[in-house]
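Everything below concerns the one structure shown next.
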Protein chains: 2
Amino acid sequence: MASTLADVAARAGVSTATVSRVLNGNYPVSAATRERVQRALEELSYVGNAPARALAAHSSDVIGVIVSDVSDPFFGIQASGLQWEAADSGLLAVICNTAGSPAAELKYLRLLLGQRMRAIVLTGGGSDEPEHLDATAALIDQAQSAGTGVVLCGRPAPPGVEAPVIAYDNRGGAQALTRHVLALGHRRIAYVAGPPGHGTTRSRLEGHRAALADAGLGDGAAPVVHGDFSRASGFDAALELMRVASGSTAVVVANDLMALGVIAALRQHGVAVPAEVSVAGFDDLPAAVDAVPALTTVRLPLREGARRAGRIAAGAEPLTAPGRMLWMPAELLARESVAPPGAGLPQWPPR
Amino acid sequence: MASTLADVAARAGVSTATVSRVLNGNYPVSAATRERVQRALEELSYVGNAPARALAAHSSDVIGVIVSDVSDPFFGIQASGLQWEAADSGLLAVICNTAGSPAAELKYLRLLLGQRMRAIVLTGGGSDEPEHLDATAALIDQAQSAGTGVVLCGRPAPPGVEAPVIAYDNRGGAQALTRHVLALGHRRIAYVAGPPGHGTTRSRLEGHRAALADAGLGDGAAPVVHGDFSRASGFDAALELMRVASGSTAVVVANDLMALGVIAALRQHGVAVPAEVSVAGFDDLPAAVDAVPALTTVRLPLREGARRAGRIAAGAEPLTAPGRMLWMPAELLARESVAPPGAGLPQWPPR
DNA sequence: ATGAAAGCGCTAACAA
DNA sequence: TTGTTAGCGCTTTCAT
């Protein structure tokens with residue numbers, strides 16, 4: 001059986017209160033007593049009982065992190081950054097995968113609420129649906145009034161909630177990217193978007209359209225198909241584009257994972273990138289630079305953003321910026337997968 | 001303030017014990033009472049206090065997972081699998097990144113011990129050093145006798161500990177891989193190993209050497225340099241090999257991440273893969289198939305292994321196999337990055 | 001500077 | 001079937 005505070009107190013010949021004091025170091029204790037207690041702690045190789053502590057002190061030393069899927073590098077990188085920062089403050093991090101399901105998100109929010117977490121960090125661009133937003137807002141409210149901090153990383157605060165948010169410039173990055181594609185001379189640009197009703201999908205699509213509009217291009221020249229941010233869905237999207245958007249000389253994709261899928265599909269169909277068709281991604285995942293051709297994309301400071309979120313969640317850094325929002329800039333990375341227009345997407349199946 | 005069991009009990013006109021009973025559903029309660037309690041629960045939108053529950057019941061509903069770094073897909077995939085499986089049993093998962101540091105591993109083991117976790121899963125091939133192994137064994141022992149289950153995923157149990165282990169066939173996979181390279185006619189094969197003193201490094205290197213020995217090749221023909229499993233270290237390793245192992249016609253690498261780094265370095269130096277030099281990896285990360293040429297590698301069922309580990313940790317599946325060990329087979333994936341011998345590694349810098 | 005004691009919110013005997 | 005009650009191991013007034 002593990003030893004308790006009382007065991008240590010008995011062994012050191014002091015009260016449990018004193019042991020608690022030397023443990024927490026938040027109260028004066030004479031050097032001599034501290035010494036004795038320390039020894040007793042050692043001798044019994046005492047390990048505190050976190051749940052008991054949490055119950056008595058109304059404060060836990062773990063933060064909750066909600067992501068879509070840690071095995072997706074976009075979230076893995078953020079989860080990692082968050083965890084490191086939490087550890088620096090002596091906190092543990094529980095990671096929850098929602099697979100993008102709003103219901104799962106609410107479920108986890110409730111579970112984490114029950115754990116009386118120190119803080120909860122919501123990453124990724126959750127659903128845009130009003131009901132979901134409302135439900136989320138209610139839960140966040142409940143968390144906050146129970147003393148659980150909430151920080152949003154990569155998504156806006158639902159209407160009515162007041163919380164720190166780390167905002168990635170999805171719109172600006174997407175606009176810069178499409179502007180770059182346009183500058184190279186493309187006029188028929190297909191777009192592979194994320195899932196409908198998703199915040200990130202919307203922002204990136206908006207940026208893309210803004211660039212087209214700036215160039216005097218209507219949406220007619222810009223067919224859009226949707227994927228779900230996975231590589232496989234990018235592959236399928238490319239096939240669909242060959243049916244509905246043949247002739248497009250560039251495919252701008254809402255994230256790198258899908259862009260990789262698009263490139264794989266094109267390669268499989270003998271379409272040269274970028275000679276015949278240019279492809280652009282978004283996120284600058286580690287794999288983007290190893291792709292051949294190296295993927296033109298937009299870098300988002302995911303690790304840095306997550307670290308800031310972690311520090312704020314841990315209470316190690318206040319977020320005093322106006323609107324309690326930290327704006328993380330996007331950076332265009334022009335590599336080889338985007339070049340001047342070539343032959344364009346073939347029609348598939350041929351007719 | 002959040003409402004408590006007592007609040008609910010008062011509102012439903014029953015005792016807290018009754019409320020606890022309907023909550024846990026492990027004890028008969030009349031339909032009528034249950035009804036009233038349920039309503040009270042709803043009306044107060046009751047959210048249980050997990051720490052209090054853990055304290056009273058001596059059982060938590062979270063499992064701890066120790067990985068090297070979730071942002072490394074090798075671990076991200078496993079963390080994801082574990083989390084999903086845990087969720088199926090209603091458990092939360094805390095993820096700890098050690099960056100491969102034995103000290104960090106011990107630190108987290110202690111922290112998790114303090115949390116009185118339901119179980120702890122150790123992934124990756126920790127350090128081989130006897131002192132570390134002993135310290136780990138002691139902590140695992142402490143955890144087990146405190147009722148915290150321990151499962152090892154991808155690493156052997158330290159000497160003296162009795163715990164379920166999910167074993168990936170690193171040795172067999174490595175042997176099959178090098179055998180494949182040999183079968184294609186290579187005789188001068190360089191090897192990029194993982195960090196020294198690491199279990200996985202050792203197993204894979206053993207398999208590699210066993211294949212060489214089978215082919216009657218001594219270690220003389222097989223220079224080995226060490227990396228740390230990161231892409232950057234693979235890049236550096238390739239540069240070093242061009243100094244110390246020029247003429248090698250193939251480079252077998254201990255994992256895909258480093259193999260990608262090797263390929264990038266070779267490309268940068270104008271060395272064609274596989275025409276001049278073949279390169280093989282290990283793990284079959286998602287990025288392996290998008291590399292050009294597609295990476296010849298060994299697939300490890302990481303997700304499946306982690307799921308099993310998760311189920312065992314959650315108590316949803318017993319591990320009754322002999323030795324409490326589940327053997328996960330490796331599968332050779334012969335793709336394009338390994339071909340018959342070419343010119344071999346150039347000398348660099350040239351002289 | 002230290003101790004005594006009253007909880008924190010819940011579970012689990014034990015009674016009834 | 002339901003209630004009473006004694007903890008679980010720790011923190012934190014309030015005394016001393």
Side-chain angles (χ1 to χ4, degrees), chain A residues 1-38 40-41 44-62 111 113-118 142 146-148, chain B residues 1-38 40-41 44-62 111 113-118 142 146-148:
Chain A
M1 210 43 209
S3 48
T4 71
L5 249 206
D7 298 335
V8 176
R11 178 158 199 139
V14 298
S15 73
T16 60
T18 301
V19 180
S20 172
R21 282 165 190 143
V22 346
L23 244 22
N24 296 304
N26 51 3
Y27 214 81
V29 174
S30 83
T33 339
R34 161 174 299 113
E35 188 67 12
R36 288 217 315 290
V37 172
Q38 300 279 26
L41 250 13
L44 297 175
S45 60
Y46 172 80
V47 178
N49 182 316
R53 184 170 153 56
L55 176 57
H58 303 283
S59 96
S60 121
D61 40 9
V62 7
L111 261 173
L113 250 171
Q115 296 287 335
R116 301 296 192 269
M117 299 270 141
R118 175 79 131 264
Q142 207 173 337
T148 295
Chain B
M1 210 43 209
S3 48
T4 70
L5 250 207
D7 298 335
V8 177
R11 179 158 198 138
V14 299
S15 72
T16 60
T18 301
V19 180
S20 172
R21 282 166 190 140
V22 344
L23 244 22
N24 297 303
N26 52 3
Y27 217 82
V29 174
S30 83
T33 341
R34 161 174 302 114
E35 188 68 12
R36 289 217 314 290
V37 173
Q38 301 278 26
L41 251 13
L44 297 175
S45 59
Y46 172 78
V47 178
N49 182 316
R53 184 171 152 55
L55 177 58
H58 303 284
S59 97
S60 124
D61 39 11
V62 8
L111 261 174
L113 251 170
Q115 295 287 336
R116 300 300 193 269
M117 299 270 141
R118 176 79 132 263
Q142 208 173 336
T148 294

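Note on naming: letters A, B, ... go to the chains in the order of the sequence lines (proteins, then strands), and numbering restarts at 1 for each one.
Here the straight-line distance linking atom CG of B:N24 with atom CZ of B:R53 works out to 4.5 Å at 0.5 Å rounding.
The side chain of B:T18 contributes an N or O atom lying less than 4.0 Å from OP1 or OP2 of D:dG3.
Here the closest heavy-atom approach between residue A:T4 and residue A:Y46 is recorded as C-CE1, 3.6 Å. What you find for B:Q115 and B:S60 is that their closest heavy atoms are O-CB, 4.4 Å. Residue B:V14 comes nearest to B:V19 through the heavy atom pair CG2-CG2, 3.8 Å, listed as atom of the first residue, atom of the second, then distance. Closest approach of A:P51 and A:N49 over heavy atoms only: CD-OD1, 2.9 Å. The shortest non-hydrogen separation linking A:A9 to A:T16 is CB-N, 3.7 Å.
Taking the C1' atoms of five terminal pairs at each end of the helix from C:dA1-D:dT16 to C:dA16-D:dT1, the two resulting helix axes are inclined by 30°, rounded to 10°.
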Sequence-aligned protein contact record of nucleotides 7-15 of chain C, with B where the base is within under 4.0 Å of a protein heavy atom and S where only the sugar-phosphate is: BBBBBBB--

Using the rule given for side chain to side chain contact (heavy atoms under 4.5 Å, CB included), can you reason through A:Q142 versus B:V47, listing the C-alpha separation, both sets of side-chain angles and the distance that settles it, and then say yes or no? CA-CA 10 Å; A:Q142 207 173 337; B:V47 178; 3.5 Å; yes

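A donor-acceptor pair is defined here as one N or O able to donate and one able to accept, closer than 3.5 Å; such a pair exists between the side chain of A:R116 and the backbone of B:G48.
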